[in-house]
Structures are given as C-alpha cells and as structure tokens.
Number of protein chains: 2
Amino acid sequence: MKEKAQEIRRTSIGAQRNPQSQEAILQAAEEILVEGGLGAFSIEAVARRARAGKPTIYRWWPSKTMLLLDVYHRQKYVDIAPDTGSVEGDIFQVLHGLLNFWRTESGGAVFRSVIAEAQTNPDACHALGAYMADRYRQGGEIFRRAQKRGEAADWIDPGQAMELIASFAWHRLLTDRLDIKEDELRRVARQFANSVKA
Amino acid sequence: MKEKAQEIRRTSIGAQRNPQSQEAILQAAEEILVEGGLGAFSIEAVARRARAGKPTIYRWWPSKTMLLLDVYHRQKYVDIAPDTGSVEGDIFQVLHGLLNFWRTESGGAVFRSVIAEAQTNPDACHALGAYMADRYRQGGEIFRRAQKRGEAADWIDPGQAMELIASFAWHRLLTDRLDIKEDELRRVARQFANSVKA
DNA sequence: ATATATCGAAACGGTCCGTTTCATTCAAGC
DNA sequence: GCTTGAATGAAACGGACCGTTTCGATATAT
C-alpha cells in the first residue's frame with residue numbers, strides 16, 4: 001500500500017512550492033477523513049501522515065477548515081443533470097448516483113465532514129452554501145427540460161425542486177442511511193416526479 | 001441576567017445527586033451552544049459556566065456527546081402533525097413551525113450541534129436516527145389522514161413523505177438559510193402537497 | 001455515631017493548537 | 001559563480017481541553 005516514493009524525506013526544491021508536498025498533504029488529509037472521520041482530522045495528524053512539517057501546512061492553508069474545503073473540491077463530481085427522457089428517470093438517476101457515490105467512494109466521508117464543519121465554522125458554511133446554490137441551479141436543468149416537454153408545471157422553480165431532492169440525499173447521508181433499497185428509492189423518485197406534475 | 005442563586009457556591013447535599021447542579025450544568029451547556037456553537041462546547045467551559053466541578057459532570061454524563069443529547073432532549077417539541085384540513089395547509093404548518101422554532105428559539109443551535117456531532121460520533125448518529133424515525137412515524141399522520149380523505153394516493157408511504165419534508169427543513173438549517181420568504185415556503189408546501197396527490 | 005456518596009477545587013499526563021526557531025536545499029538575480 | 005531569499009521538515013514553545021485522580025468538606029442513609 002505504502003509507496004516507496006513517500007518514504008524518502010521530501011525537502012525544499014528552492015524558493016517555490018513543492019507540489020509533491022502539496023499532493024502528499026491533500027492525500028493524507030483525505031485518507032484520514034475516510035478512515036477516522038472529522039474527529040481524527042487534525043493538522044498534527046495530517047502532518048504526521050504526510051511526513052510534512054506543520055509550518056508547511058499552515059503556510060499554504062490558513063486553517064483546518066480551508067484544508068478540508070480543498071480536499072472536498074478535489075473530489076470528482078456526480079452528474080446532477082442526467083437526461084433519461086423522463087423526469088422520474090432523471091430524478092432516480094440523480095439520487096442513485098449521489099447515494100452510490102457517497103456509499104462506495106471516499107466522497108461520503110469527506111462531504112459529511114464538510115457539512116459538520118459548516119455547523120461550527122461560518123466560512124465553511126458560506127462556502128458550502130454558495131457551492132450548493134450553484135449546483136442546484138445546474139441540476140435544475142432536469143426540470144427546465146421537463147417544463148419544455150410539458151411534463152412539469154410552469155410554477156415549479158427548477159433550482160428549488162432540485163434542492164428538495166438533494167435535501168433528501170443529504171438527510172440520508174447525515175443519518176447514515178445510504179443503503180436504501182432500490183424499490184424504495186424508485187418510490188421516492190416517483191413521488192418527487194409527481195410533485196412537479198402539471 | 002445572572003441569578004443570585006447561581007453565584008453562591010453549591011456543595012454536596014449528601015449521598016445523593018444535587019438537582020441544582022444538574023440543572024445548572026444543563027442550563028450552562030445550552031447557553032454555550034446557543035452563544036458559541038458546538039465549537040465552544042467543551043466540558044471545561046460548561047463546568048466553568050455552571051460553577052461545577054468536572055468530575056461532577058463526568059459522574060453523571062459519560063461523555064460530551066451524552067451531555068449534548070441530554071440538552072437536546074430537554075428542548076420543547078414542535079407540533080409535527082397539525083390538522084388544518086388540507087395536506088398543503090398541514091405541510092406549510094409543519095415547515096413554518098420548524099423553521100420558525102429553529103430561527104427564533106435556542107432549538108436551532110442545539111439541533112445543528114447534534115447533527116454535527118452525529119457526523120463524528122456513532123452513538124450520537126444512532127440516537128439521532130432512532131429519534132427521527134419515531135418522529136417521522138408520528139408526523140406521517142398528516143398523510144394517513146389525507147389518504148382517508150382521498151386527498152393522497154395510497155402508494156405514498158406516510159413516514160417517508162414526512163421524511164422528505166423534514167429533509168428540506170434540515171437542509172435549510174444546515175446551510176443557515178432559515179429565513180425563507182413566506183411565498184417561497186408556500187410554493188414548497190404546494191409542491192410537496194402535489195407530490196402525494198392521487 | 002458511622003459509613004457512604006456527593007460536591008467543587010486543584011492538579012496530573014496527554015493531545016492538538018498555532019507559532020517560532022533552526023539547519024538544509026535549491027531557484028532566481030546579480 | 002556567488003549571493004540572496006524563500007520553502008522544507010524537525011523540534012520545541014505556551015496555551016487549551018481532554019479524561020482522571022486526589023483531596024477536604026458536606027449531608028444523607030443506616
């Protein structure tokens with residue numbers, strides 16, 4: 001598991017940022033979040049695992065919160081605006097994709113940590129809010145298409161409709177109930193599809 | 001603000017728990033959560049504010065998490081199953097009640113802290129999950145009544161429908177967006193009501 | 001009267017915080 | 001080529017909080 005390259009001590013490469021250290025720090029931070037959660041996430045622990053000095057971390061990340069947000073933004077994206085041809089199909093796809101990603105990849109642990117951090121740190125809360133607003137605007141595409149097809153009512157706010165769907169996924173993530181059965185998830189998707197019907 | 005009674009030093013009242021200390025500790029814990037959030041919530045801080053000894057706290061609460069959950073369970077309840085005569089009215093009432101309680105009372109700060117704690121502590125997560133399952137079962141009454149009236153489809157799972165509504169409220173709480181305008185909230189209630197229509 | 005359990009205060013070793021000091025390494029500028 | 005200066009990891013600092021132990025004082029229960 002451990003790479004040889006990580007066992008040799010890194011040192012300065014001159015008057016410039018060492019990308020190997022940056023990568024090692026972000027990597028270590030993510031691993032700690034996945035293995036031990038936000039409770040195990042400390043600058044000391046990250047520095048130890050990355051074989052980096054604490055000043056090196058503090059030089060490039062002003063706080064634990066910012067390092068956490070940086071780890072979060074390195075995560076890969078889940079397609080929040082699939083096009084299956086029907087609203088119900090699209091909604092199911094979004095929910096299935098989100099829950100599955102959070103359950104199987106490292107994304108779940110990282111995102112849980114970001115949300116928890118946002119409850120303590122106003123900066124994290126603001127950053128999270130801005131990011132989510134943008135994603136919901138994007139994801140609202142599902143409903144804009146449905147409105148063009150006449151499948152969704154005009155009074156529906158696409159972004160807000162997407163927020164309701166993501167809210168359900170958040171709730172399952174935060175209560176550790178991502179392992180929803182497929183027929184249950186189909187019923188939820190059906191209900192959400194019903195909610196926008198004309 | 002500060003009561004005289006809290007300024008005199010409390011002491012043992014014999015071989016039994018001192019209810020004044022218990023009350024002072026829970027009170028101090030709640031105040032700290034409201035004023036400084038979960039980040040300021042430490043056993044040391046609670047002991048200082050309550051003028052209590054740390055061993056006294058640790059004797060009755062095994063961990064910070066359990067003290068937090070105790071504070072949470074002292075909160076007053078929001079009626080999650082009102083009966084206005086229509087599903088849409090009921091849903092609006094539930095959402096309005098929840099958001100308003102979280103915004104104006106101390107309940108919001110405390111609940112945010114519990115959710116955040118649940119992302120770190122499995123005990124808190126399990127306790128929260130069990131509590132929420134029970135509340136959704138109760139709150140599902142709204143939809144059971146609607147089904148009897150023929151206002152809601154039979155394939156709707158009342159508890160699950162209530163979970164979707166609460167999920168939206170959670171999401172607003174966690175992203176610090178409780179100050180939703182009334183007409184927006186009405187649109188959300190309308191959409192949720194639409195989602196259960198036959 | 002004695003035993004017992006509680007109370008608050010104080011101090012312990014340990015962890016992590018954010019910062020400072022240090023010797024080392026190497027790019028940039030003269 | 002030589003000097004300057006920034007970045008690196010290691011070590012140590014004072015401070016906060018952790019969970020625990022010790023302590024003397026208090027008052028119920030037996």
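All chains are named by letter (A, B, ...) in the order of the sequence lines, taking the proteins before the strands, and each is independently numbered beginning at 1.
- In this entry the distance linking CG of A:Asn18 with C1' of C:dT25 reads 11 Å, nearest Å.
- Contacts of B:Ser21 with the nucleic acid, taken as non-hydrogen atoms under 4.0 Å apart, involve only primed sugar atoms and P, OP1 or OP2.
- For B:Ile43 and D:dA16, the CD1 to C1' distance is 14 Å, given to the nearest whole Å.
- For D:dG9, the OP1/OP2 oxygens have no side-chain nitrogen or oxygen of A:Arg51 closer than 4.0 Å.
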- Give the C-alpha distance, both sets of side-chain angles, the deciding distance and a yes or no for side-chain contact (heavy atoms from CB on, under 4.5 Å) between B:Ser167 and B:Met162. CA-CA 8 Å; B:Ser167 294; B:Met162 180 50 73; over 6 Å; no
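- For A:Arg48, whose side chain is taken as the heavy atoms from C-beta onward, the closest listed nucleotide among D:dG9, C:dC16, C:dA5 is C:dC16.
- With C:dA11, C:dG8, D:dT8 as the candidates, the nucleotide lying closest to the side chain of B:Thr56 is C:dG8.
- Considering only side-chain atoms of B:Lys64, the nucleotide from C:dC17, D:dG9, D:dC18 that sits closest is D:dC18.
- Regarding B:Lys54, its NZ atom lies at a distance of 14 Å from the C1' atom of D:dT22, rounded to whole Å.
- Nearest nucleotide to the B:Ala52 side chain, out of C:dG8, D:dG19, C:dC17: C:dG8.
- Contacts of B:Thr11 with the nucleic acid, taken as non-hydrogen atoms under 4.0 Å apart, involve only primed sugar atoms and P, OP1 or OP2.
- A:Arg10 places its CZ atom 14 Å from the C1' atom of C:dT25, with the value rounded to the nearest Å.
- Here the C1' atom of nucleotide C:dC16 and the CZ atom of A:Arg49 are 18 Å apart, to the nearest Å.
- Each of B:Gln16 and B:Ser42 has a nearest nucleotide on DNA chain D; the 5'-most of these lies closest to B:Ser42.
- Contact check on B:Arg137 versus B:Asp134 returns a salt bridge, with a Lys/Arg side-chain nitrogen under 4.0 Å from an Asp/Glu carboxylate oxygen.
- Aromatic rings from B:His171 and A:Tyr136 are positioned such that their centres are separated by under 6.0 Å.
- Ion pairing of A:Arg103 with A:Asp179 is absent here, as no side-chain N (NZ or NE/NH1/NH2) approaches a carboxylate O to less than 4.0 Å.
- Nearer the 5' end of DNA chain D, as judged by each residue's closest nucleotide, is the contact made by A:Ile25, out of A:Ile25 and B:Ile13.
- Dashed line: the shortest gap from a side-chain N or O of B:Arg17 to OP1 or OP2 of C:dA5 is not under 4.0 Å.
- The CH2 atom of A:Trp61 sits 18 Å away from the C1' atom of C:dC17 (whole-angstrom rounding).
- Phosphate contact (OP1/OP2 of C:dT6, side-chain N/O of B:Trp60, threshold under 4.0 Å): absent.
- Following rounding to the nearest Å, A:Glu44 (CD) and D:dA10 (P) show an atom-to-atom distance of 13 Å.
- Rounded to whole Å, the distance from OH on A:Tyr58 to C1' on C:dG18 is 5 Å.
- Closest to the B:Ser12 side chain, of the nucleotides D:dT26, C:dG8, D:dG9, is D:dT26.
- In summary, A:Glu141 and A:Arg144 engage in a salt bridge, as defined by a charged side-chain N under 4.0 Å from a carboxylate O.
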